[in-house]
Structure formats: C-alpha cells, structure tokens
Amino acid sequence: EPPTRHSFGVIVRDRPFLLFVVSAAFAWIVYVSFEVVLPISLVQGHGFAPSTWGFIVVVNPVIVTFFQLRLTERLRPVPAALKLAIGLPLMGLPFLFLSVVDSVTAVMAMLLVFVIGEMLWVPTSQAIVAGLAPEDVRGAYMGAFGSTAAIGFALAPLLGLQVRQSFGDAAMWTVVASLSVVAAATGAAACRIAVGRTRAAAASAA
C-alpha cells in the first residue's frame with residue numbers, strides 16, 4: 001500500500017534514526033578515506049608506486065567476495081549494537097599504525113582488519129535501518145540512509161587532505177580513527193534506543 005503520511009515529517013521526528021544517520025555519515029567518511037585518501041597517502045607520503053596500491057587494494061573485494069556471507073551468517077546472533085561498536089573502530093584505528101610501519105605486508109594486514117570491520121558495518125547498518133523504519137515509509141528511510149554516502153565522498157577528501165597538508169599524515173589518520181570511534185558510539189547508541197523503543201511498544205501491545 002502507498003504511504004498515508006509524508007515521510008519527511010516522520011523521519012525528522014525519529015530521533016534514534018537521525019542519530020543513526022549521523023553515525024552513518026561519519027562511517028562513510030572513514031570508508032571513503034580508505035578509498036580516496038589512503039592511496040594518496042601511500043604514494044605521496046610512504047613511497048608506494050601506484051601499481052603497488054592497485055595490487056594491495058584487491059584484498060578488499062577478494063575478502064568480501066569469499067567471506068561476507070559466511071561472516072554475516074556466523075554472527076547473526078550477535079547484537080547489532082555490538083557489531084557496530086566493534087566493526088567501525090576496526091575500520092579506522094588500523095591506519096594509526098602507518099606512522100610506525102608502512103611496509104606492503106603491514107598495509108595489507110591493516111586492510112584485512114579494515115575489511116573485517118567493513119563486513120560488520122555494512123549489512124548490520126542496512127538491517128538496523130530496515131528495522132527502524134515504519135513499513136509504509138521504509139523506502140524513504142533507506143533512501144535517507146543511502147544519501148549519507150554522498151556526505152562521505154564529499155567530506156573525506158576535503159577534510160582528510162586539508163588536515164594532511166596542514167599537519168601531516170599522522171594527524172590525518174588520527175582524525176579518521178577518531179571519527180570511526182564516534183561513528184561506533186553514536187550508531188550503537190541509536191541501535192540500543194531503537195531496541196528499547198521496540199520492546200516498549202511490544203510490551204504495551206501485549
């Protein structure tokens with residue numbers, strides 16, 4: 001059935017979902033930093049050849065292809081808030097080690113940890129949004145959540161490269177790591193609020 005109310009009004013009054021949107025925006029900044037900022041950092045700051053980055057980045061799709069479904073199924077009983085709280089820092093914190101060790105092997109290990117975090121974050125976030133959304137405006141909720149990717153692609157290069165130019169690589173990755181922790185905290189908080197709301201509604205109905 002078509003929705004019987006305006007989706008925008010529903011969304012702006014849904015505080016747990018808005019908090020989750022903020023978390024998603026931060027998470028996308030972290031993710032796009034891997035896609036756009038990391039190769040610039042490795043090539044210009046750590047002496048990697050562009051072709052070497054092309055070899056290293058293959059780790060991401062290979063791991064996702066072979067292990068995403070297996071990991072998602074294996075961790076199905078784990079609460080969504082916990083998966084976000086673990087997954088998002090796994091995406092941002094490993095890059096702090098670039099200031100200590102920057103060999104090809106070390107970078108591939110960092111990307112492996114990053115991909116594990118990514119595989120926790122992506123399906124968990126989509127499931128949370130689907131659960132938060134009322135049935136009649138679920139498409140609008142998914143669209144609002146999906147639009148946060150544009151925020152990441154806009155701000156990650158702007159913020160990351162400006163910090164890098166002004167303060168260096170280490171400062172840039174410190175910012176990215178901090179954003180991953182903020183994304184984890186806000187996302188887990190939104191998830192817990194939503195779960196509490198659902199339980200209260202179920203108890204009221206009972």
Side-chain angles (χ1 to χ4, degrees), residues 19-42 45-46 53 56-72 74-75 78-102 104-129 145-161 163-164 169-192:
L19 182 61
F20 194 76
V21 167
V22 171
S23 168
F26 287 139
W28 272 105
I29 292 175
V30 175
Y31 179 81
V32 177
S33 295
F34 148 73
E35 279 202 346
V36 178
V37 180
L38 178 60
I40 296 174
S41 170
L42 292 178
H46 297 274
W53 166 250
I56 293 173
V57 77
V58 172
V59 170
N60 187 301
V62 168
I63 296 298
V64 170
T65 299
F66 285 101
F67 296 104
Q68 177 70 81
L69 292 178
R70 293 176 175 85
L71 183 67
T72 301
R74 182 69 61 87
L75 298 180
V78 178
L82 180 59
K83 285 188 278 192
L84 287 182
I86 295 174
L88 286 167
L90 287 179
M91 292 171 60
L93 295 179
F95 299 120
L96 291 174
F97 292 99
L98 275 174
S99 60
V100 179
V101 56
D102 60 359
V104 172
T105 303
V107 172
M108 292 184 72
M110 293 173 202
L111 289 191
L112 176 61
V113 177
F114 174 91
V115 175
I116 294 172
E118 176 191 351
M119 291 192 294
L120 290 174
W121 164 57
V122 173
T124 302
S125 295
Q126 293 170 342
I128 290 171
V129 173
F145 169 72
S147 68
T148 57
I151 297 175
F153 277 99
L155 294 184
L158 175 66
L159 176 65
L161 296 179
V163 172
R164 181 176 184 270
D169 260 27
M172 177 184 69
W173 294 122
T174 299
V175 171
V176 171
S178 300
L179 289 178
S180 73
V181 174
V182 173
T186 52
C191 187
R192 290 185 180 278

Is the backbone N or O of Trp121 less than 3.5 Å from a side-chain atom of Thr124, with the two atoms forming a donor-acceptor pair by type? no
Look up atom CG in Leu88 and atom CD in Glu118, then write down how far apart they are to the nearest 0.5 Å. 11.0 Å
To the nearest 0.5 Å, how far apart are CE in Met91 and OG in Ser33? 9.0 Å
Checking Leu155 now: which residues fulfil side chain to side chain contact (heavy atoms under 4.5 Å, CB included) with it, not counting sequence neighbours? Ile29, Ile151, Leu158
With a 6.0 Å cut-off (strictly less than), is the heavy-atom count around CG of Leu69, excluding the residue itself, greater than 12? no
Given Phe20 and Val129, is the side-chain contact (heavy atoms from CB on, under 4.5 Å) satisfied, shown in steps? CA-CA 8 Å; Phe20 194 76; Val129 173; 3.6 Å; yes
Rounded distance [0.5 Å steps], CG in Leu38 versus CG in Leu111: 6.0 Å
Nearest-0.5 Å distance that lies between atom OG in Ser41 and atom CH2 in Trp53: 9.5 Å
Can you find a side-chain donor-acceptor pair between Glu35 and Asn60 that sits under 3.5 Å? no
Roughly how far, to the nearest 0.5 Å, is CE of Met110 from CG of Leu93? 12.0 Å
I need the full list of ring pair (Phe, Tyr, Trp, His ring centres under 6.0 Å) pairs touching residues 170-191, with sequence neighbours left out, sorted by first then second residue. Phe95-Trp173
Please check if atom CZ in Phe97 has more than 12 non-hydrogen atoms from other residues, nucleotides or ligands closer than 6.0 Å. no
Sorted by chain and number, sequence neighbours left out, side-chain hydrogen bond (donor to acceptor under 3.5 Å, both in side chains) with Ser180 holds for none
Those residues at least two apart in sequence (or on a different chain) that pass ring pair (Phe, Tyr, Trp, His ring centres under 6.0 Å) with Phe26 are none
What pairs with Val104 under side chain to side chain contact (heavy atoms under 4.5 Å, CB included), at least two apart in sequence or on another chain? Phe48, Thr52, Ile56, Met108
Could you walk me through whether Lys83 and Ile128 pass the side-chain contact (heavy atoms from CB on, under 4.5 Å) check? CA-CA 11 Å; Lys83 285 188 278 192; Ile128 290 171; over 6 Å; no
Do the non-hydrogen side-chain atoms of Ile40 and Leu161 ever get within less than 4.5 Å of each other? yes
Does the side chain of Phe34 come within less than 4.5 Å of Val176's, by heavy atoms? no
So, taking the atom named OG in Ser125 and the one named CG in Leu120, what distance separates them when rounded to the nearest 0.5 Å? 10.0 Å
Across all chains, not counting sequence neighbours, the salt bridge (charged side-chain N to carboxylate O under 4.0 Å, His left out) partners of Asp102 are none
Just so I know, are the side chains of Leu179 and Leu159 near enough to count as touching, which here means a heavy-atom distance under 4.5 Å? yes
Given the rule in the side-chain contact (heavy atoms from CB on, under 4.5 Å) test, do Phe114 and Val59 qualify, once you have shown the distances and angles that lead to the verdict? CA-CA 10 Å; Phe114 174 91; Val59 170; over 6 Å; no
